[in-house]
Amino acid sequence: MRGAAGLALLLLAAALPAAGGVRFAEVAAPWGVDFTHHHGGGGEFFMIETMGSGVAVVDYDGDGDQDLLLVDSGPLPLGGGGGANGSRLFRNDATPGAVRFVDVTARSGLAPRLYGMGVAAADVDGDEDPDLYLTGFGANELWLNRGDGSFAAAAGAGVEDPLWGMSAAFADADGDGDLDLYVTNYVDFAFDDNPPCGLESRNLRSYCHPDVYDGLPDRFYRNRGDGTFEEATAAAGFAGATGKGLGVLFEDLDGDRAPDVYVANDMTANNLYHNRGDGTFADVALMAGVAFSDRGEPEASMGVDSGDLDGDGRPEIMLTHLDQQTNAVYSAGAQQFFADQRYLRGLAEPSFYRVGFGLVFADFDQDGRLDIAVANGHIVHNIDLWDRGTTYRQPNQVFHNTGRAFAEAADAGLDVVRASRGMAAGDLDGDGDLDLAINNSNEAVEVYENTGAAGDWLVVTAAPGAPGRVVGTEAEVERGGATQRRRARTASSYLSQNAGDLHFGLGAGAGEARLTLRWPDGGSRRLTAVPANRRLRIAR
């Protein structure tokens, strides 16, 4: 712990109330979510084995409840895994008082062929159904939603990048009404370039550090308007995106109503691409203070999320990192400069011995403030044999927002300890609060029912229309003197995607709310006297 920052953290922690109101119960088995991730390893320690995989919470069939897509990695050519990619699609068949998910992978036609990593969902062809984009080692795959519960591979869509793809996200980057695509690529691993790594002095072999390999260029694809894409990385200003990309999100970080791009890179400088408003971007991460740590060093950035954590109307950016680096949170200030506040927010010390991947901002207890969930797990399978301070399987964490900083909710109920990777949130049981799904490396999935939310809630969805008028829509809710804002977007976290509707915790007993929707093209709609505990589908 460092000097004045460490002392401030200790004083603040002593003054914080105990974290309360955030409670979960693990329900994968009773809810019918039977899935185990497979990395296909056979003792060669190929680096791709330890990095997957993600999860999406998405209403793929348009029936109003949230379904689950869990990404598998699959067999390796040299790993002895055998079989096919085992990614699974679970349809939500919940009824009042009974939550039930059904594996519909076979009938959906979804049959990925790549070694899977991440997933992003969006209506890329304008037919009002969410399509699925899967990334991995091998050519990425776009699966178009037919609208009848099935998918078809879009082999000629132009997004089949053969590099090691990780996270991907969609947004209307150029304001033309359709959704464009950003894909992070990681490192130039190859099966015939797999040096022995680990602790040579003790003959302990494991997975290589990313420093062993060069980074790969990210890709940006512009939507032609018909569900096909043209590669426009250099033309859009992303030619310098050659970091070791792991996480990505589209978010309006400067308030000009155009989606910017933030890229979390592993041990290379992170990128913040400012949208100039004409479909081109400029990297301003260094000037904005979000390229490096507060010590001016690159960190092992993996998961990423953004949102207004302190209620001041400006966004924070958070990143998960390797152990002994601590997770970071950057708070927006004047002149679009972000300050590293990991210590002041109480998020550094609890993450010191953790390796963070998945990351979700959500108001789990519905008190009107965004809480934080982090999925943890080391990348080195035998790390406990040569570093006694950490373990491979690690507890996941929830941090309760106290209004001043964050306090770890030690009894939140995330009791299963595995090597976790992707994490996503959504209302899986239809009761108004937010649940969690976590994909784990080479182990079974975890699904957590939210059992502790006590406050009122409001869920807002923009009615289908032009995809670029749904993704990017901002909802502002005012109740009891407090104002909250959420923006509809696609992927974030690590390799994953949260539910697309906008969830607000409202606290308790503060009366009706006022709701304002602002569309990306400048239109808006305002509703007054909005009752709590409702789902609203708002048309233009």
Side-chain angles (χ1 to χ4, degrees), residues 23-38 53-72 85-112 116 119 121 129-132 134 143 145-151 358 360 362 364 366 373 375 396 412-416 418 420 422-440 443-453 457 459 461 493 496-501 503 533-535 537:
R23 299 285 188 276
F24 293 92
E26 209 287 317
V27 291
W31 283 9
V33 187
D34 183 10
F35 172 82
T36 298
H37 174 267
H38 304 91
S53 290
V55 54
V57 179
V58 55
D59 181 9
Y60 84 95
D61 53 3
D63 64 355
D65 52 30
Q66 300 297 335
D67 311 299
L68 281 172
L69 188 283
L70 290 151
V71 180
D72 194 25
N85 178 295
S87 298
R88 314 307 294 172
L89 178 63
F90 290 88
R91 187 183 66 214
N92 191 334
D93 282 354
T95 58
V99 182
R100 179 173 177 262
F101 284 83
V102 177
D103 187 340
V104 295
T105 311
R107 72 184 72 172
S108 76
L110 191 65
V119 57
D129 297 309
D131 309 298
L132 298 173
L134 301 177
W143 290 82
N145 193 326
R146 292 189 175 108
D148 60 359
S150 68
F151 292 83
V360 169
F364 293 116
Q366 299 181 161
N396 298 319
L414 302 186
D415 297 329
V416 181
R418 294 182 174 127
S420 296
M423 170 190 281
D427 183 6
L428 298 175
D429 54 3
D431 64 356
D433 55 34
L434 293 176
D435 311 299
L436 285 171
I438 302 172
N439 204 352
N440 299 298
E443 294 190 89
V445 67
E446 295 162 43
V447 179
Y448 288 96
E449 178 187 10
N450 188 332
T451 61
W457 53 272
V459 173
T461 304
S493 187
S496 298
Q497 180 159 321
N498 300 320
D501 47 22
H503 172 272
N533 304 318
R534 298 288 190 275
R535 300 178 188 277
R537 192 176 182 87

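Annotation for Asn85 and Pro112: closest pair CB-O, 3.4 Å, computed over non-hydrogen atoms. The heavy-atom pair separating Ala25 from Thr451 by the smallest distance is CB-CG2, 4.0 Å. Nearest heavy-atom pair across Leu428 and Val57 is CD2-CG1, 3.9 Å. Between Val445 and Ile438, the closest heavy-atom pair is CG2-O, 3.2 Å. Annotation for Ala499 and Gly426: closest pair CB-CA, 3.9 Å, computed over non-hydrogen atoms. Residues Phe364 and Leu434 share a closest heavy-atom pair of CD2-O, 3.8 Å.
Using modelled atom types and a 3.5 Å distance limit, the side chains of Asp433 and Gln366 yield no donor-acceptor pair. Using modelled atom types, one finds a donor on one side chain and an acceptor on the other under 3.5 Å when comparing Ser420 with Asn440.
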Please lay out, stage by stage, how Asn498 and Val360 fare under the test side-chain contact (heavy atoms from CB on, under 4.5 Å).
CA-CA 8 Å; Asn498 300 320; Val360 169; 3.7 Å; yes
For Val104 and Tyr60, run side-chain contact (heavy atoms from CB on, under 4.5 Å): C-alpha distance rounded to whole Å, both residues' side-chain angles, the deciding distance at 0.1 Å, then the answer.
CA-CA 11 Å; Val104 295; Tyr60 84 95; 3.4 Å; yes
What's the verdict on side-chain contact (heavy atoms from CB on, under 4.5 Å) for Trp31 and Asp429, showing C-alpha distance, side-chain angles and the deciding distance?
CA-CA 9 Å; Trp31 283 9; Asp429 54 3; 3.8 Å; yes
After noting the C-alpha distance and the side-chain angles of Val55 and Val71, does the key distance pass the side-chain contact (heavy atoms from CB on, under 4.5 Å) rule?
CA-CA 6 Å; Val55 54; Val71 180; over 6 Å; no
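The structure places CG of Asp501 at 10.0 Å from CZ of Arg537, a figure rounded to the nearest 0.5 Å. Atom CG of Asn92 and atom CG of Asp65 lie 4.0 Å apart (nearest 0.5 Å).
The only member of Leu70, Asp67, Leu69, Val102 that meets side chain to side chain contact (heavy atoms under 4.5 Å, CB included) when paired with Phe90 is Leu70. With respect to Tyr448, the side chain to side chain contact (heavy atoms under 4.5 Å, CB included) criterion is satisfied by exactly one of Val27, Asp415, Val416: Val416.
Between the Thr36 side chain and the Glu443 main chain, no donor and acceptor come within less than 3.5 Å of each other. With Asp72 contributing its side chain and His38 its backbone, the two residues share a donor-acceptor pair below 3.5 Å. Side chain of Asn145 to main chain of Gly149: no donor-acceptor pair is present (N/O by atom type, distance under 3.5 Å, no hydrogens or angles). Judged purely by atom type and a 3.5 angstrom limit, Asn450 uses its side chain to pair as donor or acceptor with the backbone of Gly452. For Ser493 (side chain) and Met423 (main-chain N/O), a donor-acceptor pair under 3.5 Å exists by modelled atom type. Here the side chain of Asp427 pairs a donor or acceptor atom with the backbone of Gly432 at under 3.5 angstrom. Put simply, the side chain of Gln66 never gets that close to the backbone of Leu68: no donor and acceptor are under 3.5 Å apart. Panel note: side chain Arg146, backbone Phe151; a donor-acceptor pair is recorded below 3.5 Å. Between the side chain of Thr105 and the main chain of Leu89, a donor-acceptor pair closer than 3.5 Å is present. When atom types are taken as modelled, the side chain of Arg100 and the backbone of Arg91 share no donor-acceptor pair closer than 3.5 angstrom.
Side-chain contact check for Glu449 versus Phe24: every heavy-atom pair is 4.5 Å or farther apart. Side-chain contact between Phe35 and Asp103: absent, with no pair of heavy atoms (C-beta onward) separated by less than 4.5 Å.
Dense packing is recorded around CG of Asp63, with more than 12 heavy atoms of other residues, nucleotides or ligands lying under 6.0 Å away.
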